[in-house]
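Input: a single structure, listed below in structure tokens.
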Amino acid sequence: MPEGVEIEMYRRHAERAVGRVVEQVETPDAWYLKGGTTGEDLVDGLVGATIDATGRIGKLLLLDASSGHRLGLRFGMTGRLLIDEEASIEELEYSSRRNDPAWDRFALVFTNGGRLTMRDPRRLGGVELDPDESRLGPDAFSITARPLRERVLVGEVALKARLLDQSRIAGVGNLIADEVLWRAGLDPARPAGGLNATEEKRLLRNLRRVLSDFMEQGGSHTGKLQVARVRGGRCPTDGAELLRREVGGRTTYSCPAHQG
DNA sequence: CTCGACTCCTGTTAGC
DNA sequence: TGCTAACAGGAGTCGA
């Protein structure tokens, strides 16, 4: 599913839209418009404007328009981004391999005839004009030791729940969280505030490595733990049967032997 | 402010 | 073979 890694790939793909002029906005699914944004808002704010730049905070993809407005795109669990009908990621985990235009929820049509399309079977994504970015914590790709320690590694709540909390660190989803904690040898259910200095460093180091590995390998489904994230799966490093639990409201796989 | 529970959505898949 | 129910998770809301 799209996590920060996939959204960064989408952002790079969306660079192909920079410099183009919006001719038309297509909103076939009103449910997909979020935060009070209407089709009329999008037409008023975007038609005639040039896409000047792309941006990303966590899982939120941003398109800056020359009108001064900023378009926010969220992809939920199954959303894909198409530019001129071309996808950046062909295999999206947990998404359909089918590629049905009936799932098009939103599109920008450009004056050159090309288009930017959001194709989302399960409709968990959404589009918002000028979204509130202040609700997101520092981006996972650039977070440093201090904000990690002060905003994420605090309190009694489960460590993994903290990593998934977009207001504290933006961009970590279920697969990235499981892979990072597995590599760092940390139990997902431990209190977030209970890590010592060594463990904090280990967490940050592994977060950075996982993000860079996943970017290189083509997505958050390319982790070493991924193949074992099935019922009865075994730890790829020590062979112990993985623990399958719900932590932070999400299905969580961890190794009882080396994640302490 | 914190935090867990609940809800939304629908294609896929396991199981009968 | 065909049907049903469980499952997946990002994100918002609500109430204690």
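Protein chains get the first letters and strands the later ones, always in sequence-line order, with residue 1 at the start of each.
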Is A/Arg123 close enough to B/dG11 that one of its side-chain N or O atoms is under 4.0 Å from OP1 or OP2 there? no

Looking only at side-chain N and O atoms, does A/Lys34 come under 4.0 Å of OP1 or OP2 in C/dG12? no

If you take atom types as modelled and just measure distance, does the side chain of A/Arg122 reach the base of C/dA8 with a donor-acceptor pair under 3.5 Å? yes

I need the CZ-P distance between A/Arg168 and C/dA11, as an integer number of Å. 16 Å

Can you identify which nucleotide, out of C/dA8, B/dC3, B/dC8, has its nearest atom closest to the A/Arg244 side chain? C/dA8

Under a 3.5 Å cutoff, is there a donor and acceptor pairing between the side chains of A/Thr78 and A/Asp120? yes

Side chain of A/Lys59 - closest among B/dC3, C/dG10, C/dG12: C/dG10

On DNA chain B, more 5' by nearest nucleotide between A/Arg105 and A/Glu156 is A/Glu156

Taking CD from A/Gln166 and P from C/dG10, how many angstroms apart are they, rounded to a whole number? 8 Å

Once you round it to whole Å, what is the distance between P of B/dG11 and CH2 of A/Trp103? 6 Å

The answer to which of A/Arg135 and A/Glu3 contacts DNA chain C further toward the 5' end, by nearest nucleotide, is A/Glu3

Verify the distance criterion only: is there a donor paired with an acceptor across the side chains of A/Glu6 and A/Ser220 at less than 3.5 Å? yes

Distance, rounded to the nearest Å, where A/Asn174 contributes CG and C/dA11 contributes C1': 14 Å

Do A/Glu128 and A/Thr37 have side-chain N/O donor and acceptor atoms under 3.5 Å apart? no

Protein-nucleotide distance (A/Ile7, atom CD1; C/dA11, atom P), rounded to Å: 8 Å

Report yes or no: is there a donor-acceptor pair, N or O only, under 3.5 Å between the side chain of A/Arg250 and the base of C/dG10? yes

In this structure, how many angstroms lie between the P atom of B/dT10 and the CH2 atom of A/Trp31, rounded? 8 Å

Is it true that the side chains of A/Asp165 and A/Ser167 contain a donor and an acceptor less than 3.5 Å apart? yes

Write down the distance between CZ (A/Arg151) and P (B/dT2), rounded to a whole number of angstrom. 10 Å

Gap between atoms CD and P, on A/Glu128 and C/dG12 respectively (whole Å): 8 Å

